[in-house]
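Chain A is the first sequence line, chain B the second, and so forth, proteins listed ahead of strands; every chain is numbered from 1.
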There are 2 protein chains.
Amino acid sequence: MAKKAETRKQQILKAAFQAASEKGYESVTLQDIADYADVSKGVTNYYFKNKADVFAHLFEWITGRIYEKEAASIHEQETAVKMLEAYINQVFISPAENKTFYRVYVDYLSQIKNNKAYQEINQQFYENCWSIGRSIINKGLEENVFSVNDIEEATISIRCIIDGSLIQWLMREDDQLHDYYKSICYDSILRVLNYKE
Amino acid sequence: MAKKAETRKQQILKAAFQAASEKGYESVTLQDIADYADVSKGVTNYYFKNKADVFAHLFEWITGRIYEKEAASIHEQETAVKMLEAYINQVFISPAENKTFYRVYVDYLSQIKNNKAYQEINQQFYENCWSIGRSIINKGLEENVFSVNDIEEATISIRCIIDGSLIQWLMREDDQLHDYYKSICYDSILRVLNYKE
DNA sequence: CAATTTATTTTGACCAGTCAGTATAACAAA
DNA sequence: TTTGTTATACTGACTGGTCAAAATAAATTG
């Protein structure tokens with residue numbers, strides 16, 4: 001049944017994610033994935049074409065989930081600044097979660113050059129992220145609290161700052177700096193948007 | 001003689017760099033390094049403990065060179081804004097060079113979690129980068145053209161923006177966007193430093 | 001200087017281990 | 001029975017690292 005297949009695929013993707021966050025993309029073997037999913041090795045090859053196919057689906061799934069959460073976080077908010085605050089809270093959700101996700105994400109980034117499919121998934125992710133930034137900026141322009149020369153450039157800048165801060169935080173391997181980087185990220189974005197009031 | 005050994009090591013490091021930028025860190029084999037260096041396979045193990053040792057030296061060498069170039073670029077400049085401009089020009093040196101270096105750098109970032117030595121090299125690189133940012137900020141504060149609440153936070157923010165933009169540019173695989181991202185990076189930093197005049 | 005010995009460097013075959021992917025058998029459900 | 005699913009054994013390709021022998025350079029000696 002199609003439902004069962006879907007469940008199995010999810011189970012395998014979650015296992016691959018857990019394995020990758022603990023061991024790193026390249027060193028994860030098909031056996032590892034099977035072990036984490038508590039199934040035999042043959043199952044992974046039954047549901048996915050090959051290892052790269054597993055990871056393509058994994059990255060698609062992860063980036064999709066991340067975007068949905070981030071997009072949801074801003075929709076309840078009523079002012080641009082509150083939207084941004086909610087966004088940053090969602091992005092810097094916790095040291096543990098950020099570490100798990102961003103380790104896999106950095107592995108993923110390092111693989112993009114080798115795989116056209118990965119590249120397209122990431123392009124979609126960027127576009128989704130930019131759309132969130134764009135919403136916040138437009139709201140702030142309506143409210144007259146932000147001032148930017150070019151909306152597209154500002155949306156791109158927001159994501160640069162977010163990824164740049166999370167990656168730098170991750171590389172320093174110090175959970176205590178999480179709040180510090182969160183506040184640097186938030187303040188920098190406000191400055192880039194030329195926040196007044 | 002010690003001089004010859006040094007030359008050989010450099011030759012191997014350059015080969016490893018070239019191999020890594022073309023094939024990606026994980027898929028580079030000792031044989032690849034030997035091939036690019038035009039020596040036999042055993043030589044690499046004669047001059048380095050193992051593969052990880054080669055890459056530790058490689059990363060140290062690369063990040064050191066990058067820092068030196070960046071540091072040198074700002075020293076001739078007389079105003080804070082010109083220093084920043086020179087810095088960004090050096091950072092966004094050309095699509096080809098940025099691609100070569102940043103591909104290896106992203107691979108390197110994805111390996112940091114697995115290797116204490118890599119982590120320390122990167123920490124040193126960050127501190128070097130921050131010191132460049134700090135020089136520029138201090139100069140701008142003297143000149144009364146910048147305004148920041150916290151110098152340390154601003155130095156960190158600058159590197160976040162630089163890495164964030166270069167990584168995002170790299171992932172989009174479009175050389176034409178190089179100038180675009182360069183200008184976004186430059187403008188964002190000016191805004192973070194609250195540039196007036 | 002030349003002959004010989006010693007030290008250093010280079011080579012490439014080889015080994016032991018790993019992994020992705022396959023083949024096949026066993027099992028379960030309909 | 002038939003079809004869909006899972007387990008297991010296996011293969012072939014490849015890798016990091018080793019090592020003994022070859023090549024080369026340096027030092028020593030007559």
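Pairing each heavy atom of A/Ala154 with each of A/Leu193, the nearest pair is CB-CD2, 4.1 Å.
Between the CD atom of A/Glu26 and the P atom of C/dC19 there is a distance of 12 Å, given to the nearest Å. Distance B/Asp38 CG to C/dT9 C1': 16 Å, rounded to the nearest Å. In this entry the distance linking OH of B/Tyr25 with C1' of D/dT15 reads 14 Å, nearest Å. Regarding A/Phe48, its CZ atom lies at a distance of 14 Å from the P atom of D/dT5, rounded to whole Å. Taking atom CD1 of residue A/Ile12 and atom C1' of nucleotide D/dA7, one finds them 14 Å apart after rounding to whole Å. Atoms CD (B/Gln31) and P (C/dC14) sit 15 Å apart, rounded to a whole Å. The CD1 atom of A/Ile33 sits 17 Å away from the C1' atom of D/dA7 (whole-angstrom rounding). Here the C1' atom of nucleotide D/dC14 and the CG atom of B/Asp32 are 11 Å apart, to the nearest Å.
Side-chain contact of B/Glu127 with B/Gln123: a donor-acceptor pair under 3.5 Å is present, judged by distance alone. Between the side chains of B/Tyr105 and B/Asn98, no donor-acceptor pair of N or O atoms lies under 3.5 Å.
Comparing D/dG16, C/dT10, D/dA7 against the side chain of A/Val43 picks out D/dA7 as the nearest. Between D/dG16, C/dT11, C/dA20, one nucleotide has an atom nearer to the side chain of B/Ser40 than all others, and that is C/dT11. In this structure, of C/dA20, D/dA7, D/dG4, it is D/dG4 that holds the atom nearest to the side chain of A/Tyr46. Here C/dT9 is the nucleotide among C/dG21, C/dT9, D/dT6 with the atom lying nearest to any side-chain atom of B/Tyr47.
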field: Stepwise side chain to side chain contact (heavy atoms under 4.5 Å, CB included) test for A/Val192 and A/Ile158
entry: CA-CA 8 Å; A/Val192 163; A/Ile158 288 175; 5.7 Å; no
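Using a 4.0 Å heavy-atom criterion, one finds that B/Val28 contacts the sugar-phosphate atoms exclusively.
Taking the ring axis of A/Trp169 as reference, the NZ or CZ atom of A/Arg172 does not stay both within 45° of it and closer than 6.0 Å to the ring centre.
Along DNA chain C, the nucleotide closest to A/Asn45 and the one closest to A/Thr29 are compared, and the more 5′ of them pairs with A/Thr29.
Checked by distance alone, A/Lys41 brings a side-chain donor or acceptor within 3.5 Å of a matching partner on the base of C/dA20.
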